[in-house]
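Sequence lines set the chain letters: A, B, ... in the order given, protein chains first and strands last, and positions in each chain run from 1.
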Number of protein chains: 2
Amino acid sequence: MSELPRISDAEWRVMEVVWKKAPQTANEIVAALAAMNWSPKTIKTLINRLVGKGALQYDKDGRTYLYSPAVEQGSMEQGLVGGLLRGAFKGSAHRLVLRALETGETSREELDAIKALIARFETDGSGE
Amino acid sequence: MSELPRISDAEWRVMEVVWKKAPQTANEIVAALAAMNWSPKTIKTLINRLVGKGALQYDKDGRTYLYSPAVEQGSMEQGLVGGLLRGAFKGSAHRLVLRALETGETSREELDAIKALIARFETDGSGE
DNA sequence: CTCCATATATTACGGTTGTAATTGATAGTG
DNA sequence: CACTATCAATTACAACCGTAATATATGGAG
(Lines give C-alpha, C1' and ligand atoms only; values in the text may rest on other atoms or scores of the structure.)
Protein backbone atom coordinates (compact mmCIF):
# COMPACT_ATOMS: atom_id res chain seq x y z
CA MET A 1 0.00 0.00 0.00
CA SER A 2 2.31 2.71 -1.25
CA GLU A 3 2.09 5.85 0.86
CA LEU A 4 0.94 9.00 -0.88
CA PRO A 5 3.77 11.49 -1.29
CA ARG A 6 3.45 14.75 0.56
CA ILE A 7 3.66 17.60 -1.92
CA SER A 8 3.71 21.34 -1.48
CA ASP A 9 1.39 23.96 -2.94
CA ALA A 10 3.69 24.91 -5.79
CA GLU A 11 4.24 21.26 -6.58
CA TRP A 12 0.48 20.75 -6.64
CA ARG A 13 0.19 23.30 -9.46
CA VAL A 14 2.60 21.23 -11.49
CA MET A 15 0.70 18.04 -10.78
CA GLU A 16 -2.53 19.67 -11.94
CA VAL A 17 -1.00 20.29 -15.32
CA VAL A 18 0.09 16.69 -15.68
CA TRP A 19 -3.17 15.32 -14.32
CA LYS A 20 -5.02 17.27 -16.96
CA LYS A 21 -2.97 15.80 -19.79
CA ALA A 22 -0.22 13.21 -19.82
CA PRO A 23 2.41 12.58 -20.81
CA GLN A 24 3.95 15.99 -21.28
CA THR A 25 7.47 17.27 -21.71
CA ALA A 26 9.02 19.67 -19.24
CA ASN A 27 8.58 22.47 -21.74
CA GLU A 28 4.92 21.72 -22.22
CA ILE A 29 4.47 21.85 -18.48
CA VAL A 30 6.31 25.14 -18.35
CA ALA A 31 4.08 26.52 -21.10
CA ALA A 32 0.95 25.37 -19.29
CA LEU A 33 2.11 27.24 -16.21
CA ALA A 34 2.87 30.50 -17.98
CA ALA A 35 0.22 32.25 -15.91
CA MET A 36 2.15 31.54 -12.73
CA ASN A 37 5.02 33.73 -13.85
CA TRP A 38 7.55 31.25 -12.63
CA SER A 39 10.99 30.92 -14.13
CA PRO A 40 11.26 27.75 -16.21
CA LYS A 41 14.14 26.84 -13.93
CA THR A 42 11.79 26.92 -10.98
CA ILE A 43 9.35 24.62 -12.71
CA LYS A 44 12.12 22.18 -13.61
CA THR A 45 13.09 22.12 -9.97
CA LEU A 46 9.52 21.37 -8.95
CA ILE A 47 9.30 18.61 -11.54
CA ASN A 48 12.49 17.04 -10.25
CA ARG A 49 11.28 17.17 -6.69
CA LEU A 50 8.03 15.54 -7.70
CA VAL A 51 9.93 12.76 -9.41
CA GLY A 52 12.03 12.35 -6.29
CA LYS A 53 8.89 12.11 -4.20
CA GLY A 54 7.35 9.54 -6.49
CA ALA A 55 4.48 11.79 -7.56
CA LEU A 56 5.66 11.99 -11.18
CA GLN A 57 7.25 9.38 -13.38
CA TYR A 58 8.85 9.74 -16.77
CA ASP A 59 9.85 7.91 -19.91
CA LYS A 60 12.85 9.06 -21.85
CA ASP A 61 12.15 10.12 -25.41
CA GLY A 62 15.64 10.70 -26.70
CA ARG A 63 17.11 13.63 -24.84
CA THR A 64 13.79 14.84 -23.41
CA TYR A 65 11.60 13.26 -20.77
CA LEU A 66 7.89 12.63 -20.94
CA TYR A 67 6.29 13.10 -17.56
CA SER A 68 3.14 11.40 -16.28
CA PRO A 69 1.45 11.29 -12.88
CA ALA A 70 2.48 8.44 -10.62
CA VAL A 71 -0.37 9.13 -8.22
CA GLU A 72 -4.03 9.79 -8.91
CA GLN A 73 -5.50 13.20 -8.38
CA GLY A 74 -8.46 11.80 -6.49
CA SER A 75 -6.24 9.98 -4.02
CA MET A 76 -4.20 13.08 -3.41
CA GLU A 77 -7.34 15.15 -2.91
CA GLN A 78 -8.60 12.60 -0.45
CA GLY A 79 -5.32 12.72 1.42
CA LEU A 80 -5.51 16.48 1.61
CA VAL A 81 -9.09 16.69 2.81
CA GLY A 82 -8.73 13.67 5.07
CA GLY A 83 -5.76 15.28 6.76
CA LEU A 84 -7.67 18.47 7.33
CA LEU A 85 -10.74 16.62 8.55
CA ARG A 86 -8.82 14.55 11.06
CA GLY A 87 -6.35 17.28 11.97
CA ALA A 88 -8.11 20.59 12.25
CA PHE A 89 -11.72 19.41 12.38
CA LYS A 90 -11.41 16.33 14.54
CA GLY A 91 -13.62 14.39 12.18
CA SER A 92 -16.44 16.90 12.18
CA ALA A 93 -17.32 16.88 8.49
CA HIS A 94 -20.21 19.25 8.92
CA ARG A 95 -17.98 21.87 10.45
CA LEU A 96 -15.63 21.52 7.51
CA VAL A 97 -18.56 21.95 5.14
CA LEU A 98 -19.76 24.94 7.13
CA ARG A 99 -16.40 26.65 6.70
CA ALA A 100 -16.42 25.86 3.01
CA LEU A 101 -19.88 27.34 2.54
CA GLU A 102 -18.99 30.40 4.60
CA THR A 103 -16.58 31.47 1.91
CA GLY A 104 -19.77 32.50 0.13
CA GLU A 105 -18.54 31.32 -3.22
CA THR A 106 -20.78 28.28 -3.55
CA SER A 107 -23.38 28.33 -6.31
CA ARG A 108 -26.82 26.78 -6.13
CA GLU A 109 -25.64 24.06 -8.50
CA GLU A 110 -22.84 23.18 -6.12
CA LEU A 111 -25.30 23.05 -3.25
CA ASP A 112 -27.52 20.70 -5.25
CA ALA A 113 -24.56 18.50 -6.05
CA ILE A 114 -23.71 18.32 -2.37
CA LYS A 115 -27.30 17.36 -1.55
CA ALA A 116 -27.05 14.55 -4.08
CA LEU A 117 -23.83 13.37 -2.46
CA ILE A 118 -25.40 13.31 0.96
CA ALA A 119 -28.30 11.28 -0.35
CA ARG A 120 -25.89 8.82 -1.91
CA PHE A 121 -23.87 8.41 1.26
CA GLU A 122 -27.00 8.17 3.36
CA THR A 123 -28.47 5.11 1.67
CA ASP A 124 -25.33 3.07 1.49
CA GLY A 125 -22.52 4.02 3.80
CA SER A 126 -20.03 4.59 1.01
CA GLY A 127 -19.88 5.39 -2.69
CA GLU A 128 -22.53 3.84 -5.01
CA MET B 1 -8.17 43.97 7.65
CA SER B 2 -5.40 42.15 9.47
CA GLU B 3 -4.19 39.16 7.48
CA LEU B 4 -4.56 35.79 9.12
CA PRO B 5 -1.22 34.36 10.16
CA ARG B 6 -0.14 31.19 8.44
CA ILE B 7 0.55 28.57 11.06
CA SER B 8 1.93 25.05 10.84
CA ASP B 9 0.36 21.79 11.97
CA ALA B 10 2.25 21.62 15.25
CA GLU B 11 1.39 25.23 15.94
CA TRP B 12 -2.26 24.45 15.28
CA ARG B 13 -2.22 21.91 18.11
CA VAL B 14 -1.06 24.64 20.45
CA MET B 15 -3.73 27.03 19.23
CA GLU B 16 -6.41 24.42 19.87
CA VAL B 17 -5.42 24.31 23.51
CA VAL B 18 -5.67 28.06 23.88
CA TRP B 19 -8.87 28.27 21.87
CA LYS B 20 -10.44 25.78 24.24
CA LYS B 21 -9.56 27.84 27.31
CA ALA B 22 -7.88 31.20 27.70
CA PRO B 23 -5.84 32.66 29.10
CA GLN B 24 -3.39 29.96 30.04
CA THR B 25 0.20 29.93 31.19
CA ALA B 26 2.88 28.20 29.17
CA ASN B 27 2.91 25.41 31.72
CA GLU B 28 -0.82 24.88 31.47
CA ILE B 29 -0.47 24.64 27.72
CA VAL B 30 2.34 22.15 28.11
CA ALA B 31 0.20 20.09 30.47
CA ALA B 32 -2.72 20.13 28.06
CA LEU B 33 -0.44 18.78 25.34
CA ALA B 34 1.00 15.94 27.40
CA ALA B 35 -0.50 13.44 24.97
CA MET B 36 1.66 14.78 22.15
CA ASN B 37 4.82 13.65 23.91
CA TRP B 38 6.59 16.85 23.03
CA SER B 39 9.36 18.28 25.11
CA PRO B 40 8.18 21.33 27.06
CA LYS B 41 10.99 23.17 25.27
CA THR B 42 9.40 22.34 21.96
CA ILE B 43 6.05 23.69 23.09
CA LYS B 44 7.65 26.88 24.36
CA THR B 45 9.22 27.32 20.94
CA LEU B 46 5.86 26.85 19.26
CA ILE B 47 4.27 29.36 21.62
CA ASN B 48 6.97 31.90 20.85
CA ARG B 49 6.56 31.40 17.14
CA LEU B 50 2.82 31.87 17.44
CA VAL B 51 3.36 35.11 19.33
CA GLY B 52 5.77 36.19 16.61
CA LYS B 53 3.17 35.43 13.99
CA GLY B 54 0.48 37.31 15.83
CA ALA B 55 -1.64 34.23 16.46
CA LEU B 56 -1.19 34.38 20.24
CA GLN B 57 -0.99 37.36 22.55
CA TYR B 58 -0.06 37.50 26.19
CA ASP B 59 -0.34 39.56 29.33
CA LYS B 60 2.43 39.46 31.85
CA ASP B 61 1.46 38.23 35.27
CA GLY B 62 4.65 38.88 37.17
CA ARG B 63 7.30 36.57 35.82
CA THR B 64 4.88 34.34 33.88
CA TYR B 65 2.87 35.11 30.80
CA LEU B 66 -0.79 34.44 30.25
CA TYR B 67 -1.45 33.49 26.65
CA SER B 68 -4.67 34.06 24.75
CA PRO B 69 -5.63 33.63 21.10
CA ALA B 70 -5.18 36.70 18.94
CA VAL B 71 -7.15 35.13 16.09
CA GLU B 72 -10.43 33.28 16.17
CA GLN B 73 -10.57 29.57 15.54
CA GLY B 74 -13.42 29.97 13.08
CA SER B 75 -11.50 32.46 11.00
CA MET B 76 -8.48 30.23 10.89
CA GLU B 77 -10.61 27.25 9.91
CA GLN B 78 -12.18 29.31 7.18
CA GLY B 79 -8.76 30.33 5.94
CA LEU B 80 -7.66 26.73 5.85
CA VAL B 81 -10.70 25.40 4.03
CA GLY B 82 -10.95 28.42 1.78
CA GLY B 83 -7.36 27.94 0.71
CA LEU B 84 -7.98 24.32 -0.09
CA LEU B 85 -11.21 25.11 -1.90
CA ARG B 86 -9.65 27.78 -4.08
CA GLY B 87 -6.31 26.04 -4.44
CA ALA B 88 -6.79 22.33 -4.93
CA PHE B 89 -10.50 22.28 -5.74
CA LYS B 90 -10.84 25.36 -7.90
CA GLY B 91 -13.98 26.37 -6.07
CA SER B 92 -15.74 23.06 -6.48
CA ALA B 93 -17.22 22.69 -3.02
CA HIS B 94 -19.05 19.52 -3.89
CA ARG B 95 -15.84 17.81 -4.91
CA LEU B 96 -14.31 18.83 -1.61
CA VAL B 97 -17.30 17.39 0.21
CA LEU B 98 -17.07 14.24 -1.86
CA ARG B 99 -13.47 13.73 -0.80
CA ALA B 100 -14.42 14.35 2.80
CA LEU B 101 -17.21 11.80 2.69
CA GLU B 102 -15.02 9.27 0.92
CA THR B 103 -12.91 8.99 4.03
CA GLY B 104 -15.83 6.88 5.24
CA GLU B 105 -15.71 8.30 8.73
CA THR B 106 -18.85 10.41 8.56
CA SER B 107 -21.73 9.43 10.80
CA ARG B 108 -25.41 9.74 9.96
CA GLU B 109 -25.62 12.64 12.42
CA GLU B 110 -22.91 14.46 10.54
CA LEU B 111 -24.72 13.85 7.28
CA ASP B 112 -27.91 15.28 8.78
CA ALA B 113 -26.03 18.31 10.03
CA ILE B 114 -24.66 18.86 6.56
CA LYS B 115 -28.14 18.61 5.09
CA ALA B 116 -29.28 21.26 7.53
CA LEU B 117 -26.40 23.49 6.48
CA ILE B 118 -27.27 23.12 2.83
CA ALA B 119 -30.85 24.05 3.54
CA ARG B 120 -29.71 27.12 5.42
CA PHE B 121 -27.40 28.27 2.67
CA GLU B 122 -30.02 27.55 0.02
CA THR B 123 -32.69 29.88 1.36
CA ASP B 124 -30.45 32.81 2.09
CA GLY B 125 -27.13 32.95 0.34
CA SER B 126 -25.13 33.13 3.56
CA GLY B 127 -25.40 32.27 7.25
CA GLU B 128 -28.74 33.08 8.94
C1' DC C 1 21.96 40.26 49.59
C1' DT C 2 22.88 35.61 47.42
C1' DC C 3 21.55 31.57 45.17
C1' DC C 4 18.34 28.70 42.96
C1' DA C 5 14.30 27.34 40.56
C1' DT C 6 11.89 28.54 36.87
C1' DA C 7 10.13 31.53 33.10
C1' DT C 8 11.20 33.55 28.93
C1' DA C 9 14.65 34.42 25.01
C1' DT C 10 18.15 33.00 21.95
C1' DT C 11 20.47 29.70 19.28
C1' DA C 12 20.79 25.08 16.79
C1' DC C 13 20.28 21.89 13.19
C1' DG C 14 18.58 19.04 9.60
C1' DG C 15 14.62 18.77 6.37
C1' DT C 16 11.14 21.25 3.20
C1' DT C 17 9.72 24.99 0.24
C1' DG C 18 9.94 28.85 -2.93
C1' DT C 19 12.68 30.52 -6.14
C1' DA C 20 16.45 30.16 -9.02
C1' DA C 21 21.42 29.93 -11.18
C1' DT C 22 25.20 26.99 -12.55
C1' DT C 23 26.97 22.72 -14.50
C1' DG C 24 27.09 18.85 -17.29
C1' DA C 25 25.51 16.18 -21.20
C1' DT C 26 24.14 15.89 -26.05
C1' DA C 27 21.74 16.38 -30.47
C1' DG C 28 21.97 19.07 -34.37
C1' DT C 29 24.33 23.03 -37.35
C1' DG C 30 27.85 24.35 -40.16
C1' DC D 1 34.49 17.35 -36.06
C1' DA D 2 33.80 21.73 -33.27
C1' DC D 3 30.25 24.71 -31.36
C1' DT D 4 26.04 25.95 -29.64
C1' DA D 5 21.29 25.55 -28.16
C1' DT D 6 18.89 22.98 -25.03
C1' DC D 7 17.89 19.16 -21.86
C1' DA D 8 18.28 17.42 -17.35
C1' DA D 9 21.22 17.32 -12.93
C1' DT D 10 23.39 19.61 -9.30
C1' DT D 11 23.93 23.35 -6.27
C1' DA D 12 22.25 27.68 -3.81
C1' DC D 13 20.05 30.13 -0.37
C1' DA D 14 16.79 32.21 2.70
C1' DA D 15 12.42 31.27 5.28
C1' DC D 16 9.76 28.01 7.63
C1' DC D 17 9.15 23.64 10.44
C1' DG D 18 9.91 19.98 13.84
C1' DT D 19 12.40 19.30 17.60
C1' DA D 20 15.17 20.85 21.03
C1' DA D 21 19.30 22.69 23.98
C1' DT D 22 21.50 26.59 25.94
C1' DA D 23 21.47 31.20 27.88
C1' DT D 24 19.56 34.92 30.42
C1' DA D 25 16.59 37.19 33.73
C1' DT D 26 14.17 37.28 37.98
C1' DG D 27 11.00 36.28 42.07
C1' DG D 28 11.43 33.89 46.38
C1' DA D 29 14.01 31.12 50.06
C1' DG D 30 17.44 31.74 53.34
Side-chain angles (χ1 to χ4, degrees), chain A residues 3-18 23-68 70 76 79-80 83-84 87-88, chain B residues 3-18 23-68 70 76 79-80 83-84 87-88:
Chain A
E3 284 300 309
L4 288 176
R6 212 173 136 52
I7 74 182
S8 75
D9 284 0
E11 287 161 358
W12 190 278
R13 297 292 152 249
V14 173
M15 288 304 296
E16 282 177 338
V17 169
V18 185
Q24 290 191 73
T25 66
N27 280 347
E28 287 174 317
I29 296 172
V30 167
L33 288 169
M36 302 298 298
N37 270 89
W38 282 336
S39 158
K41 306 290 193 180
T42 297
I43 298 174
K44 303 291 181 67
T45 297
L46 294 172
I47 290 172
N48 279 340
R49 287 180 183 170
L50 286 166
V51 170
K53 290 179 177 185
L56 281 182
Q57 56 185 128
Y58 60 83
D59 288 310
K60 289 197 196 52
D61 176 31
R63 62 183 161 150
T64 65
Y65 288 8
L66 288 172
Y67 296 93
S68 308
M76 292 297 284
L80 223 53
L84 207 62
Chain B
E3 284 301 309
L4 288 175
R6 219 179 129 45
I7 73 182
S8 75
D9 284 0
E11 287 161 358
W12 190 278
R13 296 293 152 247
V14 174
M15 289 304 296
E16 283 177 338
V17 169
V18 185
Q24 289 191 74
T25 66
N27 279 347
E28 286 173 318
I29 297 171
V30 167
L33 288 169
M36 302 299 297
N37 270 87
W38 283 337
S39 158
K41 305 291 192 180
T42 297
I43 298 175
K44 303 291 180 65
T45 297
L46 294 172
I47 290 172
N48 279 339
R49 286 181 183 169
L50 286 166
V51 170
K53 290 179 177 187
L56 281 183
Q57 58 186 129
Y58 59 84
D59 288 310
K60 291 197 196 48
D61 176 31
R63 63 185 158 146
T64 66
Y65 289 7
L66 287 172
Y67 296 93
S68 307
M76 293 296 285
L80 223 51
L84 208 62

Whole angstrom is fine here: how far is it from [atom1] in [X] over to [atom2] in [N]?
| X | N | atom1 | atom2 | answer |
| --- | --- | --- | --- | --- |
| Trp12(B) | dC16(D) | CH2 | P | 19 Å |
| Arg6(B) | dC16(D) | CZ | P | 11 Å |
| Lys44(A) | dT23(C) | NZ | P | 17 Å |
| Lys41(B) | dA7(C) | NZ | C1' | 9 Å |
| Asp9(A) | dG18(C) | CG | P | 6 Å |
| Met36(B) | dA20(D) | CE | P | 11 Å |
| Tyr65(A) | dA9(D) | OH | P | 4 Å |
| Asn48(A) | dC7(D) | CG | P | 14 Å |

Assign each of Ser39(A) and Glu11(A) the nucleotide of DNA chain C bearing its closest heavy atom; nearer the 5' end lies the nucleotide of Glu11(A)
Pick the nucleotide of DNA chain C nearest each of Ile7(A) and Thr42(A); which residue has the one closer to the 5' end?
->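 Closer to the 5' end of DNA chain C: Ile7(A).
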Of all the choices, [options], which nucleotide is nearest to the side chain of [X] once you look at every atom?
| X | options | value |
| --- | --- | --- |
| Asn27(B) | dA9(D), dT6(D), dA7(C) | dA7(C) |
| Thr45(B) | dT19(D), dG27(D), dG18(D) | dT19(D) |
| Arg49(A) | dA21(D), dA12(D), dA9(D) | dA12(D) |
| Thr64(A) | dT19(D), dA8(D), dA12(D) | dA8(D) |
| Trp38(B) | dC17(D), dT17(C), dT19(D) | dT19(D) |
| Ser8(B) | dT8(C), dC17(D), dT17(C) | dC17(D) |
| Arg63(A) | dT6(C), dT10(D), dA27(C) | dA27(C) |

Check every strand shown and say whether Lys60(B) touches a base, only sugar-phosphate, or nothing at a heavy-atom separation below 4.0 Å.
-> nothing
Separation between OH (Tyr67(A)) and CG (Leu50(A)), nearest 0.5 Å, reads 10.0 Å
OH-CD1 distance between Tyr65(A) and Ile29(A), expressed to the nearest 0.5 angstrom =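 Taking OH in Tyr65(A) and CD1 in Ile29(A), the distance rounds to 13.5 Å.
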Quick one: closest heavy-atom pair of Gln24(B) and Val17(B), and the distance?
->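 Smallest heavy-atom distance, with atoms named: NE2-O, 3.0 Å.
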What are the two closest heavy atoms between Lys53(B) and Pro5(B), and how far apart are they?
-> O-CB, 3.3 Å
Could you walk me through whether Met15(B) and Met76(B) pass the side chain to side chain contact (heavy atoms under 4.5 Å, CB included) test, one step at a time?
-> CA-CA 10 Å; Met15(B) 289 304 296; Met76(B) 293 296 285; 6.0 Å; no
